[in-house]
Structure formats: structure tokens, C-alpha cells
Amino acid sequence: MSGRKPLIAGNWKMHKTIKETLDLINGIKAGLQGNEAADVLVAPPFTALSAAAGAIQGSTILLAGQNLHQEPSGAYTGEVSGQMIHDTGATHVIIGHSERRQYFGETDDLVNLKVKAALAAGLIPIFCLGETLGEREAGGTFEVLGRQLEGGLKGFSAEEAAKIIVAYEPVWAIGTGKTATNDQAQEVHYFLRGLLGKIFEKRLASETRILYGGSVKPDNAADLLACPDVDGALVGGASLKVDSFIGIIHFDR
Ligand code: PEP
């Protein structure tokens with residue numbers, strides 16, 4: 001037993017109005033009955049965060065933003081700061097998702113600044129990294145992941161790094177229906193944990209939660225979560241419906 005409690009996190013991306021958010025949260029709350037196996041987190045869009053914070057009260061559901069700006073405030077039209085996210089009642093924030101890297105040009109350096117900004121605002125970063133299909137096929141998986149991990153966590157003390165949740169999301173498995181095999185996921189998670197141990201310290205590495213993301217569904221969650229270094233799931237599509245998200249949360253049944 002690792003002692004790391006699994007975390008099942010739902011990334012809702014640009015889906016759900018406020019009403020849809022409340023309906024989904026109420027459905028998840030009802031479905032959670034008797035859940036003890038995993039912590040549960042949802043990441044609705046910014047517009048629904050405050051309402052979601054009200055809806056999760058009295059439950060164990062955790063709340064996250066999906067991104068933040070690296071500056072605490074300023075003339076950045078359309079952007080949202082860590083403090084603003086914290087102010088809604090959210091406790092976590094997703095950073096460096098592959099869609100942010102791919103469509104919004106986020107680099108390892110920017111991700112690093114965003115992780116710093118999240119910690120400064122009192123938010124727990126869910127720091128995402130992952131290789132593309134081309135990088136995997138060219139044999140570059142570990143080099144890419146090593147660069148992303150070291151770049152994203154550059155300059156952090158062990159105390160700061162201990163607050164971070166890592167999410168391995170192979171880009172080729174996100175929204176594609178293709179999932180990493182258990183062996184592929186375990187191999188990468190083991191590598192990332194080893195690297196965390198080298199950059200910081202072994203104890204920190206053994207306590208850090210490393211989530212897997214990429215087409216996680218109720219029918220593959222149990223096998224993925226049985227891998228010794230997989231400590232939960234970051235779920236996109238299957239987190240948008242009560243039944244499939246609850247099916248993943250109850251992976252142990
Ligand atoms: C994601 O976007 O973080 C994700 C893992 O998506 P999906 O589960 O739909 O592949």
C-alpha cells in the first residue's frame with residue numbers, strides 16, 4: 001500500500017452552464033454515497049466556479065479552476081488570477097493541460113510561472129504533462145516528460161513541491177478513446193516518481209499523487225488504478241455525465 005489516497009478529478013473544459021454545473025454536482029453528490037476509496041474533484045469553467053462552490057458545501061467534493069494567469073493582477077483583459085479563483089471557493093487549479101500547451105502556446109517556462117502563481121494564491125496545482133504521439137513514436141517519451149517535469153517545477157523548494165499534484169496525460173490518449181496500457185502508464189508514473197525523488201527527495205516523491213489522464217472510463221479505471229504508481233485519474237469526457245463519472249469514482253466496486 002502506498003498510503004496515497006486516489007484522486008478522481010473531472011476536467012469539464014468549456015462545457016456546462018451554471019445550471020448544468022449545479023445539476024451535475026447534485027448528481028455526483030447523490031452518487032457518492034458510501035464512497036471512501038477516492039477523493040473527488042471537479043473543475044467547471046470559471047463562470048460556474050462560485051455556484052459550484054456553494055453546491056459542493058456539505059460534501060467532500062473538491063473544486064478546481066482549469067487555468068490561471070501567472071500575474072496576481074493587472075491589465076490582462078480576459079484573464080483570471082489565482083486569487084480570483086481562490087476567492088470563488090476553489091482550492092485547486094489545473095495547470096499546463098495539453099490543450100493549453102497546444103492551442104494557447106503555453107511553454108514549460110510559462111507553466112512554471114503559473115505553478116508558482118497558484119501556490120502564491122494558496123491553490124494546489126494539478127500540474128499536467130504528457131508526450132504527443134509523434135514524440136512517443138520517435139522514442140522521445142522520457143526525454144519530453146523529463147523536460148516538462150524539470151521545467152515546470154524549476155526553482156521550487158521541496159516544501160512547495162510537496163503541495164503539487166502531477167497529472168500524466170499522454171496527448172495521444174486525450175479525447176481519442178485510446179488509453180495508455182497499464183504497462184505504459186505504470187512505466188511513465190514510475191519514471192516521474194523517480195525523477196521527483198532525484199530533483200527533490202525520495203520521501204516527497206513517494207507522497208506525491210501522480211494522476212493518469214487520457215480516455216479514462218468506468219471500464220478501464222480499475223485496471224489503471226491498480227498500477228502501483230497511478231494515484232488517480234484526471235477525466236475529461238467521462239466526467240461530464242453523472243453515471244460515467246460515478247462509475248470511475250467507484251472503480252473499486
Ligand atoms: C483531459 O482532457 O484531461 C482528458 C483526460 O480528457 P479525456 O478523458 O476525454 O481523454
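One is the number of the first residue; the rest follow in order along the sequence. We count ligands from 1, going down the list as the structure has it; atoms in each ligand are counted the same way.
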(request) Ignoring hydrogens, just give me the one of Gly236, Ala238, Gly10 whose non-hydrogen atom is nearest atom 7 (P) of ligand 1. (result)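 Looking at heavy atoms only, the winner is Gly236.
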
(message) Is the ring pair His189/Tyr212 parallel, tilted or perpendicular, if the boundaries are 30 and 60 degrees?
(response)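 The arrangement is tilted - the two ring planes meet at 30° to 60°.
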
Numbering the atoms of ligand 1 from 1, which are under 4.0 Å from a heavy atom of [X]?
X	value
Ala173	10 (O)
Lys13	1 (C), 2 (O), 6 (O)
Gly214	5 (C), 10 (O)
Ser215	7 (P), 8 (O), 10 (O)
Ile174	1 (C), 2 (O), 4 (C), 6 (O), 10 (O)

(request) Using distance alone, determine whether Gly237 and ligand 1 share an N or O pair under 3.5 Å. (result)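 Yes, Gly237 has an N/O under 3.5 Å of an N/O on ligand 1.
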
(message) When you compare ligand 1 with Gly175, is there at least one nitrogen or oxygen pair between them that comes in under 3.5 angstrom?
(response)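 Checking ligand 1 against Gly175, an N or O pair does fall under 3.5 Å apart.
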
(request) Kindly indicate whether the side chain of Asp231, heavy atoms from C-beta on, has any atom under 4.5 Å from the side chain of Leu7. (result)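 Of all side-chain heavy-atom pairs linking Leu7 with Asp231, none is under 4.5 Å.
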
(message) When you measure from the side chain of Glu137 to the backbone of Gly134, do you find a donor-acceptor pair of N or O atoms at a distance under 3.5 Å?
(response)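 No; zero donor-acceptor contacts below 3.5 Å.
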
(request) Check the hydrophobic clustering (I, L, V, M, F, W, Y; side-chain heavy atoms under 4.5 Å; chains of links allowed) and say if Ile199 and Phe142 are grouped together. (result)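 Hydrophobic grouping puts Ile199 with Phe142.
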
(request) Using distance alone, with no hydrogens and no angle criterion, decide if Tyr168 and Gln184 have a side-chain donor and acceptor under 3.5 Å apart. (result)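 Side-chain D/A pair, Tyr168 to Gln184: absent.
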
(message) Quick one about Trp12 and Gln66 (side-chain donor to acceptor, distance below 3.5 Å, no hydrogens or angles considered), yes or no?
(response)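 Result is no, nothing qualifies.
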
(request) To the nearest 0.5 angstrom, please state how far the CG atom of Leu234 sits from the SG atom of Cys128. (result)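 Leu234 atom CG to Cys128 atom SG measures 5.5 Å (nearest 0.5 Å).
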
(message) Test side-chain hydrogen bond (donor to acceptor under 3.5 Å, both in side chains) on Asp229 and Gln186; report intermediate values, then the result.
(response) CA-CA 6 Å; Asp229 286 293; Gln186 171 56 27; 2.7 Å; yes

(request) Return the residue, atom name and 0.1 Å-rounded distance of the protein heavy atom closest to atom 1 (C) of ligand 1. (result)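 Closest protein heavy atom to atom 1 (C) of ligand 1: His97 NE2, 3.2 Å.
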
(request) Please write down residue, atom name and distance for the protein heavy atom closest to atom 5 (C) of ligand 1. (result)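 The closest one turns out to be Glu169 OE2, 3.1 Å.
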
(message) For Ser239, which part has a heavy atom under 4.0 Å from ligand 1: side chain, backbone, both, or neither?
(response)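 For Ser239, there is no contact with ligand 1 at all, from either part.
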
